[in-house]
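Just below is one structure, and these are the notes that go with it.
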Amino acid sequence: MEQDTQEEVNNDESEFDTCQAERDEYLDGWKRAKADYLNLEKSLETRVTSAKNNAEVKILKDFLELADAFDQAFLIDPPDSPWVEGIKQTREKLHATLAKCGVVAIGTDGQKFDPNQHEAVEVVDTEEEDKDDDIIEEVQGGYAIKDRILRPSRVKVAKYKQE
Amino acid sequence: MGKILGIDLGTTNSAMAVVEGGSPRIIENKEGNRTMPSMVAVSKSNERLVGLLAKRQAVTNPTGTIFSAKRLIGRKFKDAEVQRDKALLPYEIKESTNGGVEIKVGGEWKRPEEISAMILGKMKADAEEKLGGPVTDAIITVPAYFDDSQRQATKNAGEIAGFNVKRIINEPTAAALAYGFNTKKDEKIVVYDFGGGTFDVSVLEIAEDTIEVKSTGGDTHLGGDDFDQKIIEWIVKEYKSQSAIDISKDTLALQRLKEAAEKAKHELSSTVEHEINIPFITSNADGPQHLLLKLSRAKFEELVAEYITKSIKVTESVVKDAGFTVNDINEVILVGGQTRMPAIKEAVKKLFGKEPNLSINPDEVVASGAAVQGGILQGDVKDILLLDVTPLSLGLETLGGVFTKLIEKNTTIPTSKSQVFSTAADSQPSVEIHVLQGVREMATDSKTLGRFILDGIPPAPRGMPQVEVSFDIDANGILSVKAKDKGTGKEQSVRIEASSGLSKEDIEKMKTDAEAHAADDKKKKDMAEAKNMGDAVIYTTEKAMADAGDKVPQELKNEITKAKDPLQEALKTEDLDKIKSATEDYSKIAQKLGEHVYKQEQEAPAKAGTTEQKGDNPADNAKEVEHEEIKDDNKGNESGS
């Protein structure tokens with residue numbers, strides 16, 4: 001009789017232990033799920049921002065090609081005509097629109113080559129050592145938006161030629 | 001415990017991913033890109049440049065910019081491959097004291113694993129910045145043909161970069177993991193990987209708990225870049241024959257051309273013809289010159305046909321090497337950006353007689369798979385609590401017999417959702433909540449789960465009372481619906497066990513029906529909504545007119561009342577356009593009422609407007625009122641008292 005009771009107590013205890021272990025496991029799982037969710041919410045904000053930025057960059061990059069074409073058009077002195085004047089204004093409007101979107105041109109004048117902003121497309125030998133890494137010519141304009149490079153300036157770079 | 005980073009350390013580009021919530025996610029690098037060039041350089045000022053920065057300065061520093069270090073890692077200097085590559089690489093390599101390879105960078109001799117470690121180091125730093133915590137564990141992928149020494153060297157590279165390399169896995173295995181094929185026992189899988197600079201094919205066999213590589217093959221010097229080059233050559237040749245101008249010597253022209261060629265390649269994956277348009281590409285004595293060429297997909301396919309044919313031949317022989325025939329293959333996975341090209345997809349499909357897998361971004365699938373392996377090691381994947389979804393939408397019937405969904409199908413459960421509804425008639429004393437399940441637009445086409453009535457709503461104009469209806473499904477799929485009158489606090493609820501046991505077949509049937517009737521249902525719903533709208537416009541106008549009393553001249557009142565007739569006529573028909581245009585016409589005339597009232601208000605601001613405001617407020621709180629009113633249980637009263 002006493003043995004039976006003892007056995008029952010033992011059974012209850014082990015059941016209790018199992019329940020407790022399960023409770024701990026579920027509580028942990030629930031906390032984790034909750035934490036995962038909160039973390040997801042936080043990271044979602046940055047992910048949405050980055051998706052938005054990426055989409056912007058993708059569209060703006062295509063417009064840069066258009067800006068290139070206009071820029072190239074006016075490298076050659078065009079004949080005077082109201083029509084040319086209109087095209088000139090269109091070009092200005094395009095650049096103004098890009099600027100309004102936060103797109104800024106990357107300068108290259110008198111600068112040293114910096115791969116953070118420029119991409120070298122050609123090297124030109126120089127005999128003057130201090131001219132090494134100078135930007136000789138901007139082949140294609142570069143643009144940045146906020147702290148992100150939309151397109152690096154494509155440049156020709158001077159290289160000191162050691163004898 | 002930190003996340004395990006899955007890394008695809010590629011010959012030309014690298015990518016990384018982690019598992020989050022049970023599925024892999026690509027981590028963007030600091031520059032915001034999902035992949036980065038596997039390039040390293042040391043600048044004159046001894047600054048280490050990795051990835052995009054190294055690529056940008058490569059022209060100025062050809063001997064000090066290291067790319068394709070993967071071709072050298074873990075190899076002996078005397079290996080035939082190394083000797084062949086030696087002639088192609090612009091940087092200097094030599095034999096190390098133990099017979100391995102050393103690369104000269106920034107005036108120092110470094111082992112290839114040290115170069116790879118610089119790439120991995122940047123990935124580690126970028127991942128830590130993005131994930132906001134230390135990342136120490138990594139899984140790195142290698143080509144299936146890598147031998148022990150190449151694997152060991154890759155592992156060392158990871159360790160030099162500060163990683164605890166949990167495992168080195170095969171690239172094709174990673175791709176299979178990303179698709180979840182590790183659970184498909186006894187399947188034979190072909191992984192066709194056309195990267196930027198290399199082409200690899202592997203045959204895998206999934207056994208009890210392993211993925212075995214049965215055979216591999218490929219071409220280490222054939223890749224997507226060759227396809228770009230073919231387009232550039234074609235443009236230069238075509239343009240020369242058209243205009244007699246050779247643009248291959250003009251740096252800017254060539255730069256713009258490279259971009260255009262890359263774009264053309266991408267576009268031709270989705271269109272059959274692409275216009276290559278580069279205005280003002282150059283100028284000569286005749287003035288500015290423009291480039292305008294049309295490249296058809298067929299022409300492009302013709303240009304690169306030799307590459308595709310070659311890849312298919314290699315694939316055939318790799319399958320044969322594995323001891324299989326093409327018919328034995330259960331699944332084909334496409335990896336590498338170049339596999340987006342329709343002609344490649346077609347050629348592979350034709351060879352195996354089945355649709356290849358391309359649903360995961362082919363540039364990212366290997367890194368994703370490495371992350372999945374990390375998830376398996378970490379127990380993330382095992383520990384995921386399996387959560388169910390509701391197979392059908394749940395909601396209630398609203399004015400005009402529309403099935404308004406509160407919980408959309410495929411929502412993960414447990415979940416709850418509530419929305420505020422209102423009455424459809426003045427002084428409506430009760431609302432009936434008709435709980436529905438289904439995927440169609442109208443209540444009659446959906447399954448009734450239950451009904452109950454919430455009564456005791458104090459007399460009020462229609463749209464004024466706010467009844468909040470909440471749906472809650474627990475993890476076992478038991479649905480509780482509660483309706484509460486926010487004004488009186490009175491509530492009623494119903495509990496529906498296991499969504500009344502629709503069988504799988506029932507659910508499928510409802511879904512198929514919904515697809516078949518989608519257009520028809522939409523028409524019905526639009527009709528109901530248009531009628532509700534027309535009805536609501538008449539109601540609000542007449543109410544406003546009554547409220548305004550004699551402030552509105554009789555003349556205007558008559559005009560508005562007269563204009564009501566065509567709309568009421570239209571509402572009796574089933575002609576959607578007629579109802580819509582009649583509603584619009586009536587609204588235009590009714591607007592005169594508002595104009596008049598406001599004009600008067602401006603003239604005498606102290607007195608007017610109080611009734612208008614009263615009418616506005618509840619609408620602000622209960623946005624759904626106008627279109628989603630609860631169906632009245634004594635519809636006869638609807639037009640107002």
Side-chain angles (χ1 to χ4, degrees), chain A residues 25-26 28-30 32-33 36-37 39-40 42-43 46-47 50-51 53-54 57 61-62 64-66 68-79 112-124 132-133 137-140 142 147-149 151-160, chain B residues 18 20-22 25-28 30-34 39 41 43-45 47 49-62 65 130-133 249-256 258-260 263 277-284 286-291 380 383-385 387 414:
Chain A
E25 189 189 329
Y26 296 160
D28 180 61
W30 178 64
R32 273 175 191 280
D36 267 355
Y37 180 73
N39 290 333
L40 176 74
K42 278 180 229 158
S43 72
T46 43
R47 270 193 248 175
S50 112
N53 291 345
N54 286 344
V57 164
K61 268 186 175 170
D62 283 343
L64 296 186
E65 282 179 33
L66 206 56
D68 287 346
F70 275 114
D71 292 347
Q72 280 302 113
F74 286 94
L75 284 185
I76 310 148
D77 245 347
K112 289 262 180 209
F113 171 69
D114 170 12
N116 285 301
Q117 310 181 59
H118 314 132
E119 180 176 315
V121 290
E122 204 177 306
V123 282
V124 180
D132 192 42
D133 264 354
E137 186 190 331
E138 181 184 278
V139 172
Q140 189 182 34
D147 49 0
R148 191 166 170 181
I149 300 290
R151 186 177 75 188
S153 309
R154 266 82 194 222
V155 293
K156 290 188 186 175
V157 181
K159 265 283 130 194
Y160 171 54
Chain B
V18 288
E20 267 182 7
R25 178 167 77 90
I26 291 289
I27 311 282
E28 288 175 1
K30 211 175 126 205
E31 290 85 24
N33 299 316
R34 293 167 79 87
M39 271 194 190
S43 75
K44 237 182 351 182
S45 53
E47 194 191 350
L49 303 167
V50 183
L52 206 54
L53 294 193
K55 194 177 180 182
R56 284 187 193 148
Q57 57 83 64
V59 173
T60 67
N61 186 14
T65 305
K130 286 276 160 174
L131 297 173
K249 303 281 178 287
D250 181 334
T251 323
L252 172 59
L254 210 54
Q255 183 60 42
R256 291 173 78 191
K258 260 188 208 166
E259 282 162 24
K263 186 167 267 179
N277 178 350
I278 316 179
F280 299 97
I281 188 156
T282 188
S283 65
N284 60 10
D286 302 331
Q289 300 296 316
H290 316 298
L291 185 148
D380 262 10
D383 273 348
I384 290 294
L385 191 62
L387 293 174

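Below, chains carry the letters A, B, ... as their sequence lines are ordered, and counting in each starts from 1. Worth knowing before you read on, the calculation uses all heavy atoms, side chains too, and leaves out hydrogens, waters and symmetry mates.
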Given that the side chain runs from C-beta out, which part of [X] has a heavy atom under 4.5 Å from chain A: side chain, backbone, both or neither?
X      : result
B:L53  : both
B:Q57  : both
B:S283 : side chain
B:R34  : neither
B:E28  : side chain
B:K263 : side chain

Compare all side-chain heavy atoms of [X] with those of [Y] and state whether any distance is below 4.5 angstrom.
X      : Y      : value
B:R56  : A:I149 : yes
B:E259 : A:K61  : no
A:D68  : A:R151 : yes
B:P279 : B:R256 : yes

Which atoms of [X] come close to chain B, meaning under 4.5 Å heavy atom to heavy atom: side chain ones, backbone ones, both, or neither?
X      : result
A:V157 : side chain
A:N116 : both
A:D114 : neither
A:E138 : neither
A:F113 : side chain

* Asked: Taking A:K112 for the side chain and A:D132 for the main chain, is one N or O donor matched with an acceptor at less than 3.5 Å?
  -> yes
Most contact-rich option vs chain B, by heavy-atom pairs under 4.5 angstrom, among A:R154, A:K159, A:K156, A:E65, is A:R154
In this structure, OG1 of B:T65 is separated from NZ of B:K55 (nearest 0.5 Å) by 12.0 Å
When rounded to the nearest 0.5 Å, the distance separating CD of A:Q140 from CD of A:Q72 is 8.5 Å
Closest non-hydrogen atoms of B:F280 and A:A69, given as atom of the first, atom of the second and distance, are CD1-O, 3.4 Å
